[in-house]
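Inspection log for the structure reproduced underneath, given as structure tokens.
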Amino acid sequence: MKHEVLNEHAGPRLSFDGRPPPDASFIVCTRNRAAALEACITSIEAACKACSVLSCELVVVDNGSTDDTIQRLSRIAARSIVPVTWMVEPQTGLAAARNTGMERARGRILIFIDDDCIVESTYLQDLDRHYSAGERCIIRGGCVDLGSPRDLPFTIKRSRFRARFTPDVHPGGFVLGCNMTMHREAAIRIGRFDERFGAGGPLRSAEDTDYLVRAYQLGIPIEYVPDMTVQHFHGRTTRDAIERLHRDYSLGNGGLCIKHAFTAPWLFRHFCWTIRSAWRELFGGYRFDSEVSLSHLPIVLMNLVGAAKFAFIAIRRPKRMDFDGISRLARPQGESPPC
């Protein structure tokens, strides 16, 4: 059972009763990271305060925390200067939590921020500048920098160059799910996150990558910009921790190859390139990530395991394929149809 608490500023759930919806909805999914979550929300409030041009709301989804997350959320909602809605999503998995948050959000722009990230104070000014270009449908991600110097440089993106996605690069990491934004219309067209993917799901990762692949198939542009920055405090300080995460990413990517075998066959091209790199690595070629000493070999192995696991899940437990639409992600009355 979902539990919701709205502070006095919050609007009605998915109701557009003549009042304009907010310009942007921050969606934060969390599980047992109460202290990090509070820092994340504080940074979002500071960014909202620094930008008077955009009206914002905050939607927080607690994915079954057993720490004091609920108590902290109650206090935050009571005193926040930003309209806050929080709820509990009992189904385990980041994709399920993202879906719940997306269905509740009312903004014309949806902003997904992870609970271990801190938003820079200029975030909304950057976002407003990019989204003022007039596109009706786009997914856009910003810079993800390392929050703590003690953490190893992984799950970050520091490129200084603006870029649009093409299949020449692997979609994994092109836009990171911890700092991913999109027009509401894009979300309506793409639909729900696939709950077989993502942390807490059977394939443990790649719910964001799957979303990018589906967006590309629909002709929705995917763009990386070198600002809209968040600091990522991922807390992984040892190579073993990075290696475990790396294997999870590779597991999810293997599942993607099978899921999109007929609709995005170019994913197999990247798998073949990885096999070639792994072979060369055996004879002294470059490693996947020399900075943290990651190898191509586990990528190939876990891709194969992920492909087999997705096939097994799809055959044994066919899911209701409701990923092509979000019936509860309502459009305000009078608003133009999706792009």
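Each residue takes its place number in the sequence, starting with 1.
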Problem - Salt-bridge criterion met for Glu135 and Arg140 (N-O under 4.0 Å) - result: yes
Exercise for the section: May I ask you to decide whether Arg108 forms a salt bridge with Asp23, counting only side-chain N to carboxylate O separations under 4.0 Å? Expected result: yes
Handout entry: Note: Arg129-Asp227 ion pair, threshold 4.0 Å (strictly below)
Key = yes
Practice task
Using atom types as modelled and distance alone, determine if a side-chain donor or acceptor of Ser43 lies under 3.5 Å from a backbone N or O of Val119.
Solution key: yes
Problem - Under 3.5 Å donor-acceptor, Asn32 side chain and Ser65 backbone - result: no
Handout entry: Derivation of the salt bridge (charged side-chain N to carboxylate O under 4.0 Å, His left out) call for Glu207 and Arg196
Key = CA-CA 8 Å; Glu207 87 293 338; Arg196 293 170 290 193; over 6 Å; no
Problem - Asn253 and Ser250 side chains, donor-acceptor separation under 3.5 Å - result: no
Exercise for the section: Tell me yes or no: between the side chains of Tyr123 and Asn179, is some donor less than 3.5 Å from an acceptor? Expected result: yes
Exercise for the section: State whether the side chain of Gln91 and the backbone N or O of Ala97 hold a donor-acceptor pair below 3.5 Å, judged by distance alone. Expected result: no
Problem - Distance in Å, Leu256 CG paired with Phe310 CZ, rounded so as to fall on 0.5 Å steps - result: 8.5 Å
Handout entry: Under-4.0 Å salt bridge between Lys49 and Glu45
Key = no
Practice task
Check the side chains of Thr85 and Arg104 for a donor-acceptor pair under 3.5 angstrom, ignoring hydrogens and angles.
Solution key: yes
Practice task
Please check if Tyr224 and Ile139 belong to a single hydrophobic cluster, counting links between Ile, Leu, Val, Met, Phe, Trp and Tyr side chain heavy atoms closer than 4.5 Å.
Solution key: yes
Exercise for the section: Report yes or no: do Thr181 and Tyr131 form a side-chain donor-acceptor pair below 3.5 Å? Expected result: yes
Exercise for the section: May I ask you to decide whether Arg214 forms a salt bridge with Asp210, counting only side-chain N to carboxylate O separations under 4.0 Å? Expected result: yes
Exercise for the section: Please lay out, stage by stage, how Asp114 and Arg98 fare under the test salt bridge (charged side-chain N to carboxylate O under 4.0 Å, His left out). Expected result: CA-CA 10 Å; Asp114 277 7; Arg98 287 193 192 277; 3.6 Å; yes
Can you give the donor-acceptor pairs under 3.5 Å from side chains of residues 35-42 to other protein atoms, not counting sequence neighbours?
from	atom 1	to	atom 2	distance (Å)
Glu38	OE1	Arg72	NH1	2.9
Glu38	OE2	Arg79	NH2	3.4
Thr42	OG1	Glu38	O	2.9

Handout entry: Residues which pass side chain to side chain donor-acceptor pair (under 3.5 Å) with Ser52, listed by chain and number, not counting sequence neighbours
Key = none
Problem - Residue pair Asp116, Arg33: steps toward the salt bridge (charged side-chain N to carboxylate O under 4.0 Å, His left out) verdict - result: CA-CA 8 Å; Asp116 57 357; Arg33 285 179 175 166; 3.3 Å; yes
Exercise for the section: Determine, for Arg239 against Glu243, whether the closest basic-nitrogen to carboxylate-oxygen distance falls under 4.0 angstrom. Expected result: yes
